[in-house]
Amino acid sequence: MSHRSLFRRPEAPVPVIFYFFGGFLFFFFTLPVNGWRPWPNQKPNATELLYGGSKKYEGSSEFVHLKYHMGPVLTANITVYPIWYGRWGNSQKRIIRDFISSFSAVDSKRPSVAGWWKTVQLYTDQTGANISRTVHLGEEKNDRFYSHGKSLTRLSVQSVIKSAVTARTRPLPLNPKTGVYLLLTSDDVYVQDFCQNVCGFHYFTFPSIVGYTLPYAWVGNSAKLCPGTCAYPFSVPSYMPGFKAVKSPNNDVGVDGMISVIAHEIAEVSTNPLVNAWYAGQDPSFPVEIADLCEGIYGTGGGGSYTGQMLNGKDGATYNMNGVRRRFLVQWVWNHILNYCSGPNALDQ
């Protein structure tokens, strides 16, 4: 998501969080967008969930005016540097590594993550250069002893990144132009606003804290804290009676739920790394970005609590894209040429 995260009912204003650094002041506000996620502060009744979806399928709308504001985008080969904060199992790390490696795996079975990334590649900078087709998995850093505790603020998230790039042993390389620093917190770590109105966010580090301006994203594992919100539809909150969770494709509800959030944030940090490139609205303090517009939409017909047409494996798992060695469920992103949400598993392509 922009600087917040995931799905909500399309008719209602979607709470959008943005944090703007100006004397360490954070702003919170709402903007009407077409994304949806079952946030705990929005508990509509079952009838609203079933019939309250967007009438504009896949988020298409003449009211969305996504514009380019002349800032840089990531046109050179992108390198993602994972920072594993807390306790992570090897199998969990492999799922996320395989997903990141899938962005450029053009030979993957269709519909593929690489096909999904092609929509992000449509975005350009002021020279007409497109977002890079190449996304590398870079060096990684483990912070298994919770160097900044188990409860992080938005500013201490930046301090964790500083620790990773200034570590005495094996520091992450400094790559302000083509790097994305991906902070992943384990299921026993709370981050400010997590589960209430964010599942992840992206921004850039402040030189006053880190020493450099580095595009970064944070995504948390919600398995213990709020799987019904941040791992939906692999888990369903208790206030949605009649809705049944679907089986996750990699047998890890928390990590499989993180995959779409990671995709969301990487898409947006690539198209709006310094919050002055691609977004809707006139004020960069109020951005609605390319993944915000399509949150909760995973297939044709998606809108409201309906995820859209997805795929079912022989093992009963639900997914919509193939990648390196695995299947994934990834939300669609806004296609500014077609002016609606799109993905590689659309039934009409």
Side-chain angles (χ1 to χ4, degrees), residues 1-2 5 72-84 92-125 129-140 172-173 175 177-184 199-200 202 214-219 249-250 255-273 277-278 289-292 294-295 297-299 311 319-336 341-346 349:
M1 111 200 141
S2 47
S5 204
V73 300
L74 301 186
T75 57
N77 291 351
I78 300 166
T79 302
V80 179
Y81 302 101
I83 302 170
W84 306 98
Q92 295 178 314
K93 290 182 177 181
R94 284 194 294 269
I95 295 169
I96 293 173
R97 287 177 186 137
D98 285 349
F99 177 64
I100 295 170
S101 298
S102 297
F103 282 53
S104 300
V106 295
D107 295 329
S108 296
K109 180 181 177 182
R110 296 182 181 182
S112 69
V113 175
W116 170 86
W117 185 248
K118 286 182 179 179
T119 299
V120 182
Q121 289 177 245
L122 295 173
Y123 291 85
T124 61
D125 66 9
N130 293 81
I131 300 290
S132 175
R133 64 173 287 183
T134 303
V135 179
H136 294 296
L137 178 64
E139 296 175 45
E140 305 176 23
L172 291 181
N175 185 359
K177 292 189 176 181
T178 65
V180 174
Y181 295 81
L182 180 61
L183 176 59
L184 304 165
C199 298
H202 80 87
L214 305 173
Y216 76 90
W218 159 75
V219 179
N250 298 290
V255 174
D256 276 316
M258 292 177 71
I259 291 299
S260 190
V261 189
I262 291 170
H264 181 127
E265 303 305 337
I266 291 178
E268 291 185 343
V269 78
S270 298
T271 54
N272 198 26
W278 288 96
E289 299 171 276
I290 71 167
D292 295 328
C294 306
E295 264 177 334
I297 297 175
Y298 297 91
L311 303 173
Y319 66 103
N320 65 348
M321 299 178 200
N322 297 287
V324 174
R325 290 182 289 271
R326 299 176 187 275
R327 302 161 298 174
F328 302 101
L329 184 65
V330 180
Q331 70 152 90
W332 286 9
V333 291
W334 188 259
N335 184 319
H336 67 299
C341 301
S342 63
N345 58 311
Q349 64 179 18

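A quick note: this is a predicted structure, and the numbers were derived from the prediction, not measured.
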Spacing of CG belonging to L184 relative to CD1 belonging to I83, to within rounding of 0.5 Å: 8.5 Å
Residues at least two apart in sequence or cross-chain that pass side chain to side chain contact (heavy atoms under 4.5 Å, CB included) with S102, listed by chain then number, are V113, V324, F328
Give me the atom names and distance for the closest heavy-atom approach of P344 to G115. CB-C, 4.0 Å
Apply the test side chain to side chain contact (heavy atoms under 4.5 Å, CB included) to residues I96 and I259: give CA-CA distance (whole Å), side-chain angles for both, the deciding distance (0.1 Å), then the verdict. CA-CA 7 Å; I96 293 173; I259 291 299; 4.3 Å; yes
Could you give me the CA-CA distance, side-chain angles and deciding distance for Y216 and L183, then say whether side chain to side chain contact (heavy atoms under 4.5 Å, CB included) is met? CA-CA 8 Å; Y216 76 90; L183 176 59; 5.7 Å; no
Quick one, W334 with D292, criterion side-chain hydrogen bond (donor to acceptor under 3.5 Å, both in side chains). Give me CA distance, side-chain angles, the key distance, then yes/no. CA-CA 8 Å; W334 188 259; D292 295 328; over 6 Å; no
Applying the side-chain contact (heavy atoms from CB on, under 4.5 Å) test to P215, which of N175, I266, V269 qualifies? V269
Kindly write out the residues that satisfy side-chain hydrogen bond (donor to acceptor under 3.5 Å, both in side chains) with R325, not counting sequence neighbours, or none if the list is empty. D98
For residues R133 and Q121, report the shortest heavy-atom separation together with the two atoms involved. CB-NE2, 3.0 Å
To the nearest 0.5 Å, how far apart are OG in S260 and CE in M321? 8.0 Å
Tell me, please, which residues at least two apart from R97 pass salt bridge (charged side-chain N to carboxylate O under 4.0 Å, His left out). E140
Does some side-chain heavy atom of H336 sit less than 4.5 Å from a side-chain heavy atom of I290? no
Using the ring-ring contact (aromatic ring centres under 6.0 Å, His included) criterion, which residues pair with Y81? Sequence neighbours excluded. Y181
In short, G257 meets V261 closest at the heavy-atom pair O-CG2, 3.6 Å
Separation between CD1 of I131 and OG of S270, rounded to the nearest 0.5 Å: 5.5 Å
Please enumerate all residues that pass side-chain hydrogen bond (donor to acceptor under 3.5 Å, both in side chains) together with S108, with sequence neighbours excluded. none
Locate the shortest heavy-atom distance separating A277 from P72; write the atom from each residue and the value. CB-O, 3.6 Å
Can you name the side chain to side chain contact (heavy atoms under 4.5 Å, CB included) partners of N77, sequence neighbours left out? S132, T134, H136
N/O donor-acceptor pair under 3.5 Å between N322 side chain and S112 backbone: no
Excluding sequence neighbours, so at least two apart, what forms side-chain hydrogen bond (donor to acceptor under 3.5 Å, both in side chains) with N335? none
Using the test side chain to side chain contact (heavy atoms under 4.5 Å, CB included), find all partners of P249 that sit at least two apart in sequence or belong to another chain. F234, D256, A317, Y319, R327
E268 side chain to A291 backbone, donor-acceptor under 3.5 Å: yes
Partner set under salt bridge (charged side-chain N to carboxylate O under 4.0 Å, His left out) for D125, not counting sequence neighbours: none
Contacts of type side-chain hydrogen bond (donor to acceptor under 3.5 Å, both in side chains), residue Q92, not counting sequence neighbours: D252
Strictly by salt bridge (Lys or Arg N to Asp or Glu O under 4.0 Å), give each pair with a member in residues 99-117 just once, sequence neighbours left out. none
A263 meets the side chain to side chain contact (heavy atoms under 4.5 Å, CB included) criterion, sequence neighbours left out, with F99, W116, V330
Derivation of the side chain to side chain contact (heavy atoms under 4.5 Å, CB included) call for V255 and N250: CA-CA 8 Å; V255 174; N250 298 290; over 6 Å; no
Which residue, T178, V180, T79, forms the side-chain contact (heavy atoms from CB on, under 4.5 Å) with L74? V180
Do N345 and W332 come within less than 4.5 Å of each other through their side chains, counting heavy atoms only? yes
Check step by step if side chain to side chain contact (heavy atoms under 4.5 Å, CB included) holds for V135 and W117. CA-CA 10 Å; V135 179; W117 185 248; 3.7 Å; yes
May I ask you to test the T271-V120 pair for a side-chain heavy-atom distance under 4.5 Å? yes
Quick one, F103 and I78 - any side-chain contact, counting heavy atoms below 4.5 Å? no
Closest non-hydrogen atom pair between W84 and K93, with its separation: CH2-CA, 3.6 Å
Please report the closest heavy-atom contact between N320 and P111, naming both atoms and the distance. O-CG, 3.4 Å
